[in-house]
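Residue numbers start from 1 in every chain, and the chains themselves are labelled A, B, ... in the order their sequence lines are given, proteins ahead of strands. All values derive from a computational prediction rather than experimental measurement.
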Amino acid sequence: MTEKRTMSPLLKWFYRLGAPVWFYPFAGRLLPWLGALFLLLLLPGLYLGLWHAPADYQQGDSFRIMYVHVPAAWLSMFVYFAMAVSAVVALVWRLRMAEIMILSSAPIGAGFALIALVTGALWGKPMWGAWWVWDARLTSELILLFIYLGIIALYNAIEDRRSAGRAMSLLTLVGVVNLPIIHYSVVWWNTLHQGATVSKFDTPSIHIDMLIPLLLMAAAFKVFYGWTLLLKMRANLLEQDLHNGWVKERIYASKTAPKNSTGRVADKGHQYD
Amino acid sequence: MHSLLHLMQRDLRLAWRRRGESYQNLLFFAMVVVLFPIAMGGSEAKLAQIAPGVLWIAALLAALLSMPALFKDDLEDGTIEQWILSRHSLIGFVWARLLAHWLLTALPLLIMAPFFALALHLPEAGLATLLLSLLLGTPALIFIGGIGSALTSGLQKNSLLLPLLMLPFYLPILIFGASAVQVAAEGWSAAGQLYILAALLVLSLVLAPFAIAAALRLSATQ
């Protein structure tokens, strides 16, 4: 008890997030807010981007796919970075929640990478005249997708969930060291083999009416990641802890009193992890 | 240091006693090289053009296919656990094992590579660079591949997982290795590519053993 009193609030917060009993209802309460925020950003972003923004003088209306393509590509990299930070936490502090976070993020990141690739191909058809060009950014996006899929495959191949989680964290870290190297070697390779593929999309300046919806969409995608991440983390926690005390307790609690006070379970948080 | 030399000596001696298996890696390399002229026709000009890429892909696949055996037996019979428990550094053991593995699998390939290069009509200007790029690139392939090998050695099945995990990380080495040979075969200086290969080599020699040691600890306890 004396330990608890001296613990700094920040550290206490950190440990609480690491305890499934506390995290599960906390994430549940956060979910509707994140969903609302997502819609609040998405709808104006879509409206401004698809209707309000002026057509590009070169690409006409087909540039509008940018409002999905670019945020997805950004997010696919952001998710990996978040996973790498989480991997350090998982390996240094052996925090299970960090492993769950990586496990839940990997399919989302792979999804964003896939969206970026598919929209890139759809955009490339009218612009470049081909579905696929061995462009440096497309190629490294594809490699990123492969690395995501490899991480997922490794997790699925190992029986023991904790070992699988730690193996996945390790591979994520190996990937984060390698990704810049891979990216820059692909860029180098591309300039060597392709000559100068002048990318029309490299225009440094962008009209403010096009920029605002892009930033809105980027923010919307980021919130969407947070929302799906919490959903998936909750699902993964339930699946892994199916035979654990707190899941049963929650089930019984929800049967007897649907609106259970979460404060009661929070005190027990430390026992389970 | 002494124990590391001892481990290397043991690995080499074991390989010598089972020398009937030692040529397998080289044979695989040869067969992959042969596939390309058969699939694409044996015209000299075409072969000379694809030779750098073919030789490098074959070397990469040969390195990759030698990987699963790297730690598996020692993990199963508990040797790795003894490494972890011993007072010597696990990273040192990893280093010795990988170096011995390079001597056993990549060195013969390096010696034979010029002959295959000639068979593919690689211009003679590219030969020296081919050897140099393989000398710099193959240890990097083995050290990076070791991470995947250590991660997957504890698994019972799933032989396909290791290539899936490691191929993306092999890309930079393939890019600069093949391009060095290509450039040299066309008569230019490949110094830039070779410097980058050397940098990748140093990076993998220094960093990969840490990841391999961590992965081995994980595989040994699971």
Peer 1: Answer yes if the side chains of B/W56 and B/S133 hold a donor-acceptor pair under 3.5 Å, and no otherwise.
Peer 2: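 B/W56 vs B/S133: donor-acceptor pair found between side chains.
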Peer 1: Under 4.5 Å from any heavy atom of chain B, what part of A/V177 do you find: side chain, backbone, both or neither?
Peer 2: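 For A/V177, the side chain is the part near chain B, not the backbone.
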Peer 1: Does any heavy atom of chain A fall under 4.5 Å from the side chain of B/L203, the backbone, both, or neither of them?
Peer 2: side chain
Peer 1: Hey, does B/L120 have a side-chain heavy atom less than 4.5 Å from the side chain of B/P37?
Peer 2: yes
Peer 1: Output the option from B/L164, B/L171, B/I175, B/L151 having the highest count of non-hydrogen pairs under 4.5 Å with chain A.
Peer 2: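 That would be B/I175.
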Peer 1: Does CD belonging to A/E159 count more than 12 external heavy atoms closer than 6.0 Å?
Peer 2: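 Counting neighbours around CD of A/E159, 12 or fewer heavy atoms of other residues, nucleotides or ligands fall under 6.0 Å, so no.
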Peer 1: Between A/R166 and A/E99, does the salt bridge (charged side-chain N to carboxylate O under 4.0 Å, His left out) criterion hold? Intermediate values first, please.
Peer 2: CA-CA 7 Å; A/R166 289 179 53 204; A/E99 290 164 13; 5.1 Å; no
Peer 1: Please state whether the side chain, the backbone, both or neither of A/I182 comes within less than 4.5 Å of a heavy atom of chain B.
Peer 2: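 Interface part for A/I182: both.
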Peer 1: Taking heavy atoms only and a threshold strictly under 4.5 Å, list by residue number the residues of residues 223-238 of chain A that touch chain B; give 'none' if the list is empty.
Peer 2: none
Peer 1: What do you reckon, are the aromatic ring centroids of B/F29 and B/F116 less than 6.0 Å apart?
Peer 2: yes
Peer 1: As an exercise: rank A/L142, A/V174, A/L179, A/D160 by heavy-atom pairs under 4.5 Å with chain B and give me the winner.
Peer 2: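 If we count pairs closer than 4.5 Å to chain B, A/V174 comes out on top.
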Peer 1: Testing the 3.5 Å rule here: is there a donor-acceptor pair between the side chains of B/W102 and B/T138?
Peer 2: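 Present: a donor and an acceptor within the cut-off.
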Peer 1: Apply the side chain to side chain contact (heavy atoms under 4.5 Å, CB included) test between B/F143 and each candidate in B/V94, B/L201, B/L205, B/L207; give the one that qualifies.
Peer 2: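 Considering B/V94, B/L201, B/L205, B/L207, a side chain to side chain contact (heavy atoms under 4.5 Å, CB included) with B/F143 is found only for B/L205.
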Peer 1: For B/E124, I'd like to know if atom CD has over 12 heavy atoms of other residues, nucleotides or ligands within 6.0 Å.
Peer 2: no
